[in-house]
Student: 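My questions will all concern the structure given below.
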Amino acid sequence: STYVGHLRFIKYALQRTTEDKHSLILLDELGSGTEPALGAALGRASLEALVDAGALIIATTHHAALKEQLALSDNRFHTAAMGQLPHNAGPSYKALYGLVD
């Protein structure tokens, strides 16, 4: 399943990160493929473990708990979003930093 694939990648990334403290990890749709509350909780645990191991992470997610609560409760995490053109005409390709509605 998608979820199991994500977990395998997180395990691999964590093993590699502990070997090389200069890791950049890109995660797309962290916590997807399972029930939302479980996905958000596992996503948070994964992010915290990877950062604890020394990784720099760029992650995408739709989980509000990851986008909002993690950045508010742990200063190692920051949020950003892709801007939108007026009237939902598509992305502006401008990064908006901080919590975005």
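What you see is a predicted model; the values in this text were computed from it and never measured.
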Student: Can you confirm whether L26 is buried at CG, in the sense that more than 12 heavy atoms of other residues, nucleotides or ligands lie under 6.0 Å from that atom?
Tutor: yes

Student: Verify side-chain contact (heavy atoms from CB on, under 4.5 Å) between R16 and S23, making sure each step is shown before the conclusion.
Tutor: CA-CA 8 Å; R16 295 297 304 261; S23 299; 5.5 Å; no

Student: Specify the closest pair of heavy atoms between Y93 and M82, including all atoms of both residues, with the distance to one decimal.
Tutor: CA-SD, 3.2 Å

Student: Output the distance between atom NE2 (H78) and atom CG (L70), rounded to the nearest 0.5 Å.
Tutor: 10.5 Å

Student: Can you name the closest pair of heavy atoms from L50 and A13 and give their distance?
Tutor: CD2-C, 3.9 Å

Student: At what distance, to the nearest 0.5 angstrom, does CD1 of I25 lie from CG of L14?
Tutor: 8.0 Å

Student: For the atom pair CG (L47) and CG (L30), what is the distance rounded to the nearest 0.5 Å?
Tutor: 5.0 Å

Student: Output yes when a side-chain donor or acceptor of T61 lies under 3.5 Å from a complementary backbone atom of E29, and no otherwise.
Tutor: no

Student: Atom OG in S46, atom CG in L7: separation rounded to 0.5 Å?
Tutor: 7.0 Å

Student: Do side-chain atoms of H63 reach the backbone of G31 as a donor and acceptor pair under 3.5 angstrom?
Tutor: yes

Student: Other residues, nucleotides and ligands only: do more than 12 of their heavy atoms fall within 6.0 Å of CZ on R76?
Tutor: yes

Student: About how many Å separate CG of L42 and NE2 of H6, when rounded to the nearest 0.5 Å?
Tutor: 12.0 Å

Student: Taking C-beta and beyond as the side chain, do F9 and L27 meet within less than 4.5 Å on heavy atoms?
Tutor: yes

Student: With rounding to the nearest 0.5 Å, note down the distance linking CG in L56 to CG in L24.
Tutor: 5.5 Å

